[in-house]
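Note sheet for the following structure.
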Amino acid sequence: MDFEKLKMFCKVVEAGSFQKAAESEYVSQRAVSQMMKKLEDELGLKLFERDKNKIVVTSIGRDFYLYVRNMLQKFTVNVNALRYEARTKQRLICGYFSPFDGALLREKLYHFINDEIQLTVVHESIDHLLGDLANGLVDLAMVLDYGQPGLVIDDPDLVSVDVYENEMIMGVSDLNPLSRLNEFPVAEIGGLPVLYYMPEENSHYLRQAFLSTLPEEIKASCAHISNIEQMQMLVSLNKAVAFYPKGLLEYVLTDKEHISYLPLAGASKRSKYRIKVIYNRRSEKHSLINNFLACFA
């Protein structure tokens with residue numbers, strides 16, 4: 001089934017005959033008749049009662065006509081709206097990976113967008129974001145990058161710009177005596193599972209990044225968790241500890257939830273993280289992207 005059949009069906013109903021509809025579209029009556037027969041076969045519905053000299057729309061045909069006419073009118077209105085926006089607005093599609101880099105993206109977009117920008121925001125895994133950037137489906141992505149060697153971008157067309165830097169800190173339950181220290185002792189990390197948040201476990205990037213922040217002699221049990229509420233529950237009840245990005249968690253977690261957030265003792269250099277904005281150097285929206293990057297200056 002296609003729009004041409006549906007449009008012709010409406011013309012036949014409105015004209016009252018195959019012949020008049022055919023004349024209005026400069027096609028043969030036979031072509032119109034065959035098109036309507038195919039439409040009925042595809043739907044499994046009888047739309048017309050046929051006689052030698054006339055056609056009569058069935059009751060089901062009348063109901064279907066009202067439905068199709070309404071659908072085609074909405075389609076036309078929506079297409080015209082898209083054409084108007086395409087003429088008058090610049091479209092920017094932004095992606096983010098975690099709630100933390102998403103929070104920074106939100107804060108910057110809040111002050112950046114205006115009536116001239118049509119904004120779309122998507123939430124995807126890192127692998128999906130990089131693929132969408134390479135294929136032109138996303139204009140820019142904001143990604144939290146930590147560990148050594150950090151996020152590796154193989155596509156030569158993708159450009160990465162560091163826009164924010166801070167350190168990772170350890171979240172530990174207030175039920176745990178360690179929460180009363182000023183720093184979290186690195187040697188104590190092996191005592192509980194270390195959680196890391198990731199919407200999809202389709203890459204080893206985050207696990208490797210977490211482990212690289214620790215001295216080689218520390219044997220930590222890292223576990224992926226895809227629900228940040230569950231992560232907070234496990235940490236607050238002293239079932240695990242977790243890494244968090246200092247400076248961003250305040251945007252996401254409005255309540256401390258019985259968790260103390262401590263820097264890692266003696267690991268300030270190893271626990272640095274960066275927020276990257278990634279875009280495609282072949283993008284036609286360089287001016288818009290550069291204006292967005294200027295928000296971080």
Side-chain angles (χ1 to χ4, degrees), residues 82 84-169 196-199 203 205-206 209 228 243-255 261 263 268-269 271-297:
L82 289 173
Y84 173 77
E85 289 186 344
R87 291 195 303 269
T88 61
K89 293 187 176 184
Q90 293 178 290
R91 189 179 185 194
L92 185 67
I93 305 176
C94 303
Y96 70 97
F97 162 62
S98 79
F100 302 108
D101 45 56
L104 184 60
L105 176 64
R106 179 191 67 224
E107 293 302 308
K108 295 302 179 180
L109 286 175
Y110 179 84
H111 298 287
F112 175 71
I113 59 172
N114 55 52
D115 292 339
E116 303 302 318
I117 299 174
Q118 180 189 359
L119 178 67
T120 301
V121 180
V122 298
H123 179 207
E124 296 182 330
S125 69
I126 291 177
D127 291 344
H128 285 158
L129 285 174
L130 294 180
D132 286 349
L133 285 165
N135 294 323
L137 301 176
V138 171
D139 297 314
L140 65 87
M142 188 169 284
V143 175
L144 193 154
D145 178 25
Y146 39 74
Q148 298 294 331
L151 178 63
V152 177
I153 301 175
D154 295 323
D155 194 318
D157 287 334
L158 298 187
V159 179
S160 172
V161 180
D162 293 346
V163 295
Y164 182 82
E165 182 177 305
N166 212 317
E167 64 178 313
M168 298 299 293
I169 52 180
Y196 62 94
Y197 171 81
M198 187 176 184
S203 169
Y205 156 66
L206 278 185
I228 196 166
F243 277 118
Y244 299 84
K246 182 180 178 181
L248 296 182
L249 64 91
E250 295 85 353
Y251 290 119
V252 179
L253 308 172
T254 56
D255 190 325
Y261 300 95
S268 58
K269 291 184 179 180
S271 60
K272 291 291 184 182
Y273 76 87
R274 293 162 293 173
I275 297 291
K276 295 178 178 291
V277 171
I278 306 171
Y279 64 93
N280 194 317
R281 69 174 75 250
R282 297 180 182 274
S283 172
E284 298 177 353
K285 301 178 183 178
H286 272 182
S287 176
L288 197 58
I289 294 171
N290 287 334
N291 289 340
F292 175 72
L293 289 172
C295 295
F296 295 90

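The residues of the chain are indexed from 1 along the displayed sequence. This is a predicted model, so every value here is computed, not measured.
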Does Lys246 make a cation-pi contact with Tyr261 (under 6.0 Å, within 45 degrees of the axis)? no
Using 30° and 60° as the class boundaries, would you call the ring planes of Tyr96 and His123 parallel, tilted or perpendicular? parallel
Taking the side chain as every heavy atom from C-beta outward, state whether Tyr164 and Lys108 have any atom pair closer than 4.5 Å. no
Counting C-beta onward and ignoring hydrogens, is there a side-chain heavy-atom pair between Phe292 and Val163 closer than 4.5 Å? no
How long is the straight-line distance from NZ of Lys272 back to CD of Glu165, given to the nearest 0.5 Å? 5.5 Å
Least distance between heavy atoms, Leu109 atom then Cys94 atom: CD2-SG, 4.2 Å
Rounded to the nearest 0.5 Å, what separation is found between the CD atom of Glu124 and the CG atom of Leu130? 10.0 Å
Student check: side-chain heavy atoms of Phe97 and Leu105 closer than 4.5 Å: no
CD of Glu116 to CG of Leu92, rounded to nearest 0.5 Å, is 14.0 Å
Looking only at heavy atoms, the pair that brings Ser160 and Lys276 closest together is OG-CD, 3.1 Å
Quick check: are there more than 12 heavy atoms from other residues, nucleotides or ligands sitting under 6.0 Å from CD of Glu250? yes
Nearest heavy-atom approach of Asp139 to Arg91 is OD2-O, 3.6 Å
Note, Val138 side chain near Val122 side chain (heavy atom, < 4.5 Å): yes
Ser283 and Ile289: which non-hydrogen atoms are nearest, and at how many Å? OG-CD1, 3.9 Å
Does any N or O in the side chain of Asp132 come within less than 3.5 Å of the main-chain N or O of Leu137, such that one atom is a donor and the other an acceptor? no
Closest heavy-atom pair, Glu167 versus Pro263, reported as atoms and distance to 0.1 Å, is OE1-CB, 4.3 Å
Of the non-hydrogen atoms in Pro99 and Val252, which two are nearest, and what is the gap between them? O-CG2, 3.2 Å
Just how far is it from atom CG of Asp157 to atom CG of Asp155, taken to the nearest 0.5 Å? 5.0 Å
Any side-chain heavy-atom pair from Leu288 and Phe112 closer than 4.5 angstrom? yes
For the pair Asp101 (side chain) and Leu144 (backbone), establish whether a donor and an acceptor sit closer than 3.5 Å, ignoring hydrogens and angles. yes
Here the gap from Phe243 atom CZ to Tyr273 atom OH, rounded to the nearest 0.5 Å, amounts to 13.5 Å
Between Tyr279 and Leu293, is there a side-chain heavy-atom distance shorter than 4.5 Å? yes
To the nearest 0.5 Å, what is the distance between CD1 (Ile113) and CD (Gln118)? 12.0 Å
Derivation and outcome, side chain to side chain contact (heavy atoms under 4.5 Å, CB included), residues Ile169 and Leu249: CA-CA 10 Å; Ile169 52 180; Leu249 64 91; 3.7 Å; yes
Looking at side-chain heavy atoms only, is the closest gap between His111 and Cys295 below 4.5 Å? no
Is Leu129 close to Ile278 at the side-chain level, that is, under 4.5 Å between some pair of heavy atoms? no
